[in-house]
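Each chain gets a letter, A, B and so on, in the order its sequence line appears, and its residues count up from 1.
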Amino acid sequence: MLDLKKIRDNPQWVEERLASRGRAYNLQKVYQLEAAKRALQTETENLQARRNAISRQIGQLKGKGQDVSALMAEMVQCGPQLQELQQQLATMESELLAVLAELPNLPDETVPLGRDEQDNLEICRWPDEQQPARKAFEELPHWEIGQRLGILDFDAGILVAGARFTVLRGAGARLNRALIQFMLDLHSGEHGYTEIMPPFLVNRESLFGTGQLPKFEEELFAARDDALFLIPTAEVPVTNLVRGEIIEEERLPLKFVAWTSCFRREAGAAGRDTRGLIRQHQFDKVELVWITRPEESGAALEQLTRDAEQVLQRLELPYRRVALCTGDLGFASCKTYDLEVWLPGQGCYREISSCSNTGDFQARRMQARLRRKEGRKVELLHTLNGSGIAVGRTLVALLENFQQADGSVVIPDALRPYMGGVEILRPQE
RNA sequence: GGAGAGAUGACCGAGCGGUUUAAGGUGCACGCCUGGAAAGCGUGUGUACUCCAAAAGGGUACCGAGGGUUCGAAUCCCUCUCUCUCCGCCA
């Protein structure tokens, strides 16, 4: 959520920043509501002050056994009038909140201007600046590799659940688990993150806090009889760990890593990535979350992204880092780096991690604050999140990058200890 | 799922319709005292919004959440959420 005071003090700048996302946001309603609300608030509070004063007087006089009927008579009109004002005020406040809650975050000044993903800025490639060379044989897409190996069973997914669900079998299931374990060990053991195992179902308050609600409800799976939703990302339960908290400055930054399954309805994605594991209703992801002081979040995004890149490097998967342009930025983000892994089966780079600084945008929704050592002042925290990294897509990348001419797939060194020493997956038959 | 108890400021804990602008204690901060510390004494101690050009200083709201009764609600009524105890069921 945006800072109302900032909107009030610097409307032009805010509108300009919002417009850089590629569509016009009309803030007229905010200005009007805000001004009207303040006027109404003053009026209401003045009346409340009067009521309180007279009520106190009544109490005191009554205590002395004096007559209070004159004062009581005066107060009789006060009640309904006050109730009317309070109701108007409450309506106005919730209208204002509703408008504010749907405005996206302001892009950071360092974010490249652009309309859509075409305008994203490539920062670097790994292991070098070349596009990875094609192999001497025809490289297959992962769904074919996986089916030949007998580890990806798309038909079974459809059978037990439906489209966009997949069953992993044998070494496929093991590989998925090995990747999770490898990533968690790396981040908690070497990068200093605290491992979290959060609930996979969350309430509305949490989803509002991180910005999925109210605007993106159609993207979520909901529990029918309870006010709970399946998490679309671990960002939701993990970031909300600080909701409503005031954290002592010296405890920051907080760094969390969590494996969860993620559940997304993919409502707007009909027809896209219908084959394979790229776009599923359920997938595993290891997520990184930082809670920082405001002045730290810029540097934190760089570090968080490097931590995510480490996963790809250790797994020897070629990738590039891309800075999203203003038009491609997510709702809550003020700056995002995507990591895109090379997929030879498709001959392109695909997103495998998205690392975002949300500044104080989520913190304001969550009322997550810090207390400064000096001055004891309270300020909003900054929150960041990034995939470290998407497990299903990593599995895809492994299959496609380490496939051999004979249909086998080599397991990279870093993963072998987690695969019980298995070094190569061979086609069945 | 059934029965009961409860939810008050950083923490403990009183209050159960108007002398509470939330008693008292602990903690914390500052000051006095001390060679230094402890003890003792004194002062202060939340959040949000708002009024004022700003500061100083006011005002309003917040005693789990939301409604209601009342001139006035932490206190009475209703609904919900959560916690604890016992019973049942269960990985």
Side-chain angles (χ1 to χ4, degrees), chain A residues 1-10 30-101 197-209 213 222-223 225-229 237 240-252 261 360-381:
Chain A
M1 209 154 61
L2 299 181
D3 184 1
L4 198 48
K5 284 191 185 131
K6 208 191 252 174
I7 295 178
R8 194 201 303 162
D9 294 344
N10 223 333
V30 175
Y31 306 144
Q32 284 169 12
L33 276 171
E34 205 272 333
K37 191 217 98 179
R38 267 194 301 159
L40 192 59
Q41 182 176 350
T42 305
E43 193 185 347
T44 308
E45 288 181 356
N46 286 342
L47 191 56
Q48 280 174 322
R50 204 170 128 245
R51 178 204 63 189
N52 290 348
I54 293 176
S55 290
R56 205 171 301 137
Q57 228 178 324
I58 291 174
Q60 279 164 4
L61 292 179
K62 249 188 169 173
K64 295 180 200 154
Q66 299 182 14
D67 178 53
V68 293
S69 51
L71 284 173
M72 295 272 269
E74 191 185 342
M75 289 298 285
V76 169
Q77 305 149 13
C78 203
Q81 197 187 341
L82 191 55
Q83 200 161 29
E84 173 67 21
L85 283 173
Q86 282 169 332
Q87 228 153 46
Q88 280 180 26
L89 185 61
T91 307
M92 216 170 264
E93 277 173 344
S94 61
E95 267 179 60
L96 184 58
L97 180 68
V99 176
L100 276 179
M197 179 65 212
F200 287 14
L201 289 154
V202 291
N203 55 32
R204 283 186 174 274
E205 289 74 17
S206 294
L207 288 157
F208 180 85
L213 288 183
D225 296 329
D226 300 281
L228 293 170
F229 296 82
N240 273 279
L241 290 175
V242 296
R243 193 174 80 228
E245 295 281 315
I246 298 178
I247 297 184
E248 300 298 328
E249 181 180 18
E250 49 272 36
R251 286 182 54 210
L252 298 169
S261 292
D360 63 13
F361 185 84
Q362 293 180 326
R364 185 170 295 105
R365 290 171 158 251
M366 294 192 297
Q367 281 305 297
R369 292 161 293 176
L370 77 149
R371 191 185 305 282
R372 294 288 188 182
K373 209 168 180 174
E374 297 299 321
R376 308 289 293 161
K377 257 182 56 194
V378 176
E379 294 171 49
L380 291 170
L381 292 159

Any side-chain N or O of [X] less than 4.0 Å from the OP1 or OP2 oxygen of [N]?
{"X": "A:Arg371", "N": "B:U47", "answer": "yes"}
{"X": "A:Asn52", "N": "B:U21", "answer": "no"}
{"X": "A:Arg51", "N": "B:U60", "answer": "no"}

What contact category does [X] fall into here, base, sugar-phosphate, or nothing, at under 4.0 angstrom with non-hydrogen atoms?
{"X": "A:Arg56", "value": "nothing"}
{"X": "A:Ile58", "value": "base"}
{"X": "A:Gln48", "value": "sugar-phosphate"}

Could you tell me the separation between the [atom1] atom of [X] and the [atom2] atom of [N], rounded to a whole number of Å?
{"X": "A:Leu40", "N": "B:A61", "atom1": "CG", "atom2": "P", "result": "15 Å"}
{"X": "A:Leu82", "N": "B:U69", "atom1": "CG", "atom2": "P", "result": "13 Å"}
{"X": "A:Glu248", "N": "B:A29", "atom1": "CD", "atom2": "C1'", "result": "13 Å"}
{"X": "A:Gln83", "N": "B:C71", "atom1": "CD", "atom2": "C1'", "result": "13 Å"}
{"X": "A:Glu205", "N": "B:C82", "atom1": "CD", "atom2": "C1'", "result": "12 Å"}
{"X": "A:Met1", "N": "B:A48", "atom1": "CE", "atom2": "P", "result": "13 Å"}
{"X": "A:Met72", "N": "B:G18", "atom1": "CE", "atom2": "P", "result": "14 Å"}
{"X": "A:Asp9", "N": "B:A53", "atom1": "CG", "atom2": "C1'", "result": "13 Å"}

Item to check | Side-chain-base donor-acceptor pair under 3.5 Å for A:Gln60 and B:G18 | outcome: no
Only pairs with both distances under 3.5 Å count, Watson-Crick or wobble alike; so what is the partner of [N] in this structure?
{"N": "B:U83", "answer": "B:A5"}
{"N": "B:G35", "answer": "none"}
{"N": "B:A56", "answer": "none"}
{"N": "B:U70", "answer": "none"}
{"N": "B:U45", "answer": "B:G27"}

Next on the checklist: Can you identify which nucleotide, out of B:C71, B:G59, B:A48, has its nearest atom closest to the A:Glu45 side chain?
Outcome noted: B:G59
Item to check | A:Ile246 side-chain proximity, nearest of B:U47, B:G68, B:U50 | outcome: B:U47
Checklist entry - Are any of the side-chain nitrogens in A:Asp9 or A:Lys5 under 4.0 Å away from the carboxylate oxygens of its partner? => result no
Item to check | Note: A:Arg243-A:Glu205 ion pair, threshold 4.0 Å (strictly below) | outcome: no
With [atom1] as the reference atom in both, quote the distance from [N] to [M] in angstrom, rounded to an integer.
{"N": "B:G35", "M": "B:U26", "atom1": "C1'", "result": "30 Å"}
{"N": "B:C33", "M": "B:G15", "atom1": "P", "result": "41 Å"}
{"N": "B:A65", "M": "B:G9", "atom1": "P", "result": "10 Å"}
{"N": "B:U75", "M": "B:U70", "atom1": "P", "result": "16 Å"}
{"N": "B:U50", "M": "B:G68", "atom1": "C1'", "result": "28 Å"}
{"N": "B:G18", "M": "B:A74", "atom1": "C1'", "result": "14 Å"}
{"N": "B:C16", "M": "B:G64", "atom1": "P", "result": "16 Å"}

Checklist outcome for this item: Between A:Val242 and A:Ala368 the two heavy atoms that sit nearest each other are O-CB, 3.4 Å
Next on the checklist: Does A:Gln83 form a side-chain hydrogen bond (donor to acceptor under 3.5 Å, both in side chains) with A:Gln87? I'd like the steps, not just the answer.
Outcome noted: CA-CA 6 Å; A:Gln83 200 161 29; A:Gln87 228 153 46; over 6 Å; no
Would you say the side chain of [Y] lies within less than 4.5 Å of the side chain of [X], judging by non-hydrogen atoms?
{"X": "A:Leu40", "Y": "A:Glu43", "value": "yes"}
{"X": "A:Phe229", "Y": "A:Leu201", "value": "no"}
{"X": "A:Leu380", "Y": "A:Asp3", "value": "no"}

Checklist outcome for this item: Residue pair A:Asn46/A:Arg8 against RNA chain B: nearer the 5' end by closest nucleotide is A:Arg8
Checklist outcome for this item: Result for 5'-nearest mapping on RNA chain B, choosing between A:Ala49 and A:Arg38, is A:Arg38
